[in-house]
Amino acid sequence: MLDIKYIRENLETVEARLKTRGEGVSLAPFRELDGRRRELLQQSESLKAMRNKASEEIARLKDKSQAEELKTKMREVSQQIKGIDEELKVVEEELQTFLLTVPNTPNPATPVGKSEADNPVVRTWGDRPSFSFQPKPHWEIGEELGILDFERGAKLTGARFTLYRGLGARLERALINFMLDLHTGEHNYIEMLPPFMVNRESMTGTGQLPKFEEDLFHLEGVDFFLIPTAEVPVTNIHRGEILKGSDLPINYVAYTPCFRKEAGSYGKDTRGLIRQHQFNKVELVKFADPATSYDELEKLLANAEEVLRRLGISYRVVELCTGDIGFSAAKTYDIEVWLPGQECYREISSCSCFEDFQARRAGIRFRPEEKAKPEFVHTLNGSGLAVGRTVVAVLENYQQADGSVLIPEALRPYMGGVERIG
RNA sequence: GGAGAGAUGGCCGAGUAGGUCGAAGGCGCUCGCCUGCUAAGCGAGUAUACUGGGUAAACCGGUAUCAAGGGUUCGAAUCCCUUUCUCUCCGCCA
C-alpha cells in the first residue's frame with residue numbers, strides 16, 4: 001500500500017509512475033474519497049471534543065437540573081456523531097479498498113518497458129553444456145528413469161500434480177536440504193518452518209489479497225488459504241510489530257510447499273514439472289533498513305545465484321521492466337536457468353525489493369534509534385530456489401548419452417553418496 | 001467436540017457498585033546527578049495512529065486506541081451481546 005500523505009501531496013508523480021506499469025491505474029477516486037474523509041473526520045472529532053467537555057462538566061455539576069439540561073443536549077449531539085461516523089466508516093472502507101488494489105510504484109531505477117521482452121539481461125554465468133546427442137526434456141528423462149510419474153500424479157489429484165519416485169523423491173529432498181544448509185550455514189539466514197495455510201490478514205499484508213484471490217486455494221469451512229509462497233507466512237511473522245533498528249537486517253530462510261491455482265495459464269507448460277499446482281520452494285526473506293535495502297537485494301540475489309553456481313548450472317539474471325514487475329514489487333531480478341532439453345531459459349528465482357509497500361500493509365516498523373519514531377522497514381524476498389525447477393535443471397543439464405543423469409558434486413552428500421541416477 | 005478461566009502500555013502487573021484512567025506500581029530503557037571502577041542509590045523522562053494549525057522541522061491543539069466488532073449511557077478498560085485468540089480439565093487424534 002502506498003502512503004496516503006505521499007499520494008495526497010504527489011498525486012501526478014505517483015500516477016505517472018504507476019502508468020509505467022501499463023495498467024490503467026487512475027487515482028481519481030482517491031482525491032474524492034480522501035477529501036470527503038477528512039471533512040467528515042473533522043466534523044465528527046469537533047463534536048466529540050464538545051461532548052467530552054460536557055461529560056466532564058456533568059460529572060462535576062452538583063446541580064441536578066443543570067446536568068439534565070446538558071444531558072438532553074448531548075443526547076442529540078451523540079446522535080449526530082453516530083450519523084457522521086456511519087458515513088465516515090463507509091468512506092474509509094471505500095478508500096481502504098481502493099488503496100489496497102493500487103500496485104506499488106516501481107523504483108525509478110527500474111527499466112521502463114511493456115513486457116518480458118523488454119527485460120534487460122544483467123549477466124550470464126556458466127557454460128551451457130554441449131551434447132553429442134539430442135538432449136531430452138526432463139519429463140522424458142524422468143519418466144524413462146522411473147523417478148517422475150506424471151500419470152499417477154494426475155490420477156491421485158489431477159493435472160499439474162506429479163508423483164516423485166525413488167531417487168527422484170530423494171533428489172528433491174536433497175536439494176531442499178542443500179539449499180537450507182547453504183543459506184543458514186554460509187549466508188547467515190535463520191531457518192523458519194511456518195504454517196502452510198494462513199488467514200486473510202496475512203494474505204493482505206503481502207499483497208495477494210484483495211486483488212488476486214482467484215489464484216489462491218481457499219479452504220472450506222475456515223477462512224484460510226494455502227500459501228502460494230513462503231513469502232506470505234514469513235513476511236507476516238513480524239506483522240504489527242516494531243522491530244529494533246539494531247536487529248536489522250533480519251534474514252529468514254524457509255522451506256515450504258507452494259500452492260497456486262495457475263488461473264489463466266490453461267494450456268501453458270502442460271508437460272513436466274515447470275508449472276504445478278503444488279511445488280516446493282526454499283524462500284529467502286529479509287527485513288531491512290530503508291537506507292540499505294537495495295544493497296540487501298543484491299546480496300539476496302547473490303545468495304540465490306550461489307545455489308546454481310555450486311550446482312554448476314548455467315543461468316542468467318534479468319531485471320524486470322516496469323511492465324513485467326509484480327504488484328507489490330518496486331524492483332525485481334529474475335534468475336533464469338538454461339534448460340538444454342527445451343533450449344530456453346526458464347525462471348527459477350525471483351528476487352524483489354518491496355520497499356515499504358508490504359510493511360505499510362502489514363504494519364512492520366522499526367526504531368532507527370532507541371527513542372526514535374518508528375518507521376516502516378523495507379521487505380525483500382526471493383526464491384533460493386524453486387526446488388521443482390531445480391530438479392528440472394539438474395535432469396536436463398546433467399543428462400548423459402545412455403539416459404542416465406549425473407548428480408552434481410555438491411549434491412552427492414545429500415544423496416547418500418549416489419553419483420548417478422540410472 | 002464438551003466444561004471452565006482469561007485477553008490492559010516494551011515486559012510484568014493494578015484497576016470491575018461506569019466519570020478527572022492513556023491508564024497506579026514494578027521491571028526494562030533514555031538523559032542527568034552521585035560513585036576510584038562495577039553494582040547500588042537519587043532525579044527527570046519513556047505508546048501509537050489519524051487529524052487541524054505551524055516553514056514537510058521543532059512545537060501546539062483535537063480525536064481514537066485497555067483482543068476485535070456492536071450495544072446501553074451525557075460519559076465505558078470497567079455493564080450487555082457477538083467474534084477471535086490463549087490457558088486448564090474431559091473426549092478424540094498424528
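Keep in mind it's a predicted model, so treat the numbers as computed, not measured.
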- Item | Residue pairs involving residues 346-382 of chain A (criterion ring-ring contact (aromatic ring centres under 6.0 Å, His included); sequence neighbours excluded) | A:Phe327-A:Phe357
- Note on the structure: RNA chain B in dot-bracket form (Watson-Crick or G-U pairs under 3.5 Å, [ ] crossing, | inter-strand) is ((((((((.[[[..)...(.....]]]((((((.......))))))(((((((.....))))))).[[[[[..)....]]]]])))))))....
- Considering only atom C1', compute the distance from B:rA47 to B:rG22 and round it to an integer number of Å. 8 Å
- Query: So does A:Glu262 pair up with A:Lys268, basic N to acidic O under 4.0 Å?
  - Reply: no
- Task: Please determine, by modelled atom types, if A:Asp324 and A:Ser115 share a side-chain donor-acceptor pair under 3.5 angstrom.
- Result: no
- What residues, two or more places apart in sequence or in another chain, satisfy side chain to side chain contact (heavy atoms under 4.5 Å, CB included) together with A:Leu193? A:Phe196
- The correct set of residues in residues 199-211 of chain A placing a heavy atom under 4.0 Å from RNA chain B is none
- Roughly how many Å is it from CG in A:Leu70 to C1' in B:rC74, rounded to a whole number? 8 Å
- Item | Phosphate-side-chain proximity, A:Arg75 and B:rU73, N/O vs OP1/OP2 below 4.0 Å | no
- Message: Please give the distance between the P atoms of B:rU63 and B:rA23 as a whole number of Å.
- Response: 13 Å
- Separation of atom CZ in A:Arg51 from atom P in B:rA76, rounded to whole Å: 7 Å
- Applying ring pair (Phe, Tyr, Trp, His ring centres under 6.0 Å), run through A:His238 and A:Phe287 and close with a yes or a no. CA-CA 9 Å; A:His238 294 300; A:Phe287 300 83; 5.0 Å; yes
- Any donor-acceptor N or O pair under 3.5 Å, side chains A:Gln358, A:Thr379: yes
- Query: Is any side-chain N or O of A:Arg8 closer than 4.0 Å to OP1 or OP2 of B:rC50?
  - Reply: no
- For A:Asp334 and A:Ser350, what are the C-alpha separation, side-chain angles and deciding distance, and is it a side chain to side chain donor-acceptor pair (under 3.5 Å)? CA-CA 4 Å; A:Asp334 274 7; A:Ser350 194; 2.8 Å; yes
- Is there a residue in residues 80-95 of chain A whose heavy atoms reach under 4.0 Å of RNA chain B, and which residues are they? A:Lys82, A:Lys89
Atom pairs, N/O to N/O, protein against nucleotides 53-63 of chain B, distance under 3.5 Å?
| from | atom 1 | to | atom 2 | distance (Å) |
| --- | --- | --- | --- | --- |
| B:rG62 | N2 | A:Glu45 | OE1 | 3.0 |
| B:rG62 | N2 | A:Glu45 | OE2 | 3.3 |
| B:rU63 | OP1 | A:Asn52 | ND2 | 3.2 |

- Message: What's A:Lys5 touching, base or sugar-phosphate or nothing? Going by heavy atoms closer than 4.0 Å.
- Response: sugar-phosphate
- Item | Carboxylate-amine/guanidinium proximity below 4.0 Å for A:Asp34 and A:Arg8 | yes
- Note on the structure: Residues pairing under side-chain hydrogen bond (donor to acceptor under 3.5 Å, both in side chains) where one sits in residues 172-184 of chain A, two or more places apart or in two chains, turn out to be A:Tyr164-A:Glu172, A:Glu172-A:Asn280, A:Asp181-A:Tyr414, A:His183-A:His187
- Query: Can you check the A:Leu61 CG to B:rU20 C1' distance for me, whole Å?
  - Reply: 14 Å
- Measure the distance from NZ on A:Lys71 to C1' on B:rC74 and round it to the nearest whole Å. 7 Å
- A:Arg367 CZ to B:rU48 C1': how many Å, rounded? 9 Å
- On RNA chain B, nearest-nucleotide positions of A:Arg365 versus A:Ile4: which is more 5'? A:Arg365
- Message: Can you confirm if the aromatic rings of A:Phe259 and A:His277 lie within a centre distance of less than 6.0 Å?
- Response: no
- Item | Distance, P atom - from B:rG53 to B:rG69, rounded to whole angstrom | 28 Å
- Query: How many Å lie between CZ on A:Arg37 and C1' on B:rA64, as a whole number?
  - Reply: 12 Å
- Query: Would a 4.5 Å heavy-atom cut-off, applied to side chains only, mark A:Arg51 and A:Ser78 as touching?
  - Reply: yes
- When all nucleic acid strands are considered with a 4.0 Å heavy-atom cut-off, which category describes A:Gln42: base, sugar-phosphate, or nothing? sugar-phosphate
- Has the side chain of A:Thr105 got a donor or acceptor atom that lies under 3.5 Å from a matching backbone atom of A:Arg17? no
- Note on the structure: Residues passing the salt bridge (charged side-chain N to carboxylate O under 4.0 Å, His left out) test with A:Lys48, sequence neighbours excluded, are A:Asp85
- Does one side chain, of A:Tyr294 or A:Glu355, offer a donor that lies under 3.5 Å from an acceptor on the other? yes
Restricting both atoms to N or O, compile the protein contacts to nucleotides 77-82 of chain B shorter than 3.5 Å, with distance only.
none

- Query: What integer distance in Å separates A:Arg36:CZ from B:rU51:P?
  - Reply: 16 Å
- Report the C-alpha distance between A:Ser202 and A:Arg239 in whole Å, list the side-chain angles of each, state the deciding distance to 0.1 Å, and finish with yes or no for side chain to side chain donor-acceptor pair (under 3.5 Å). CA-CA 8 Å; A:Ser202 294; A:Arg239 172 152 49 89; 2.8 Å; yes
- Query: Over how many whole Å does the gap from A:Gln96 atom CD to B:rC50 atom P extend?
  - Reply: 12 Å
- Within residues 232-250 of chain A, those residues having any heavy atom closer than 4.0 Å to RNA chain B are none
- Message: Suppose the criterion is salt bridge (Lys or Arg N to Asp or Glu O under 4.0 Å): which pairs have a residue in residues 185-208 of chain A, not counting sequence neighbours?
- Response: A:Glu186-A:Arg310, A:Arg200-A:Glu213, A:Arg200-A:Asp223
- Message: Between B:rC81 and B:rU73, how far apart are the two C1' atoms, rounded to whole Å?
- Response: 16 Å
- Under 3.5 Å, is there a donor-acceptor pair between the A:Arg420 and A:Ser404 side chains? yes
- Of A:Glu336, A:Arg309, A:Arg346, the residue whose pairing with A:Tyr315 passes side chain to side chain donor-acceptor pair (under 3.5 Å): A:Arg309
- Task: Kindly say if A:Ser78 contacts the phosphate of B:rG75, meaning a side-chain N or O under 4.0 Å from OP1 or OP2.
- Result: yes
- Between B:rG52 and A:Arg38, is there an OP1 or OP2 to side-chain N/O distance shorter than 4.0 Å? yes
- Can you run down the salt bridge (Lys or Arg N to Asp or Glu O under 4.0 Å) pairs that involve residues 152-170 of chain A, sequence neighbours left out, and say none if there aren't any? A:Asp149-A:Arg152
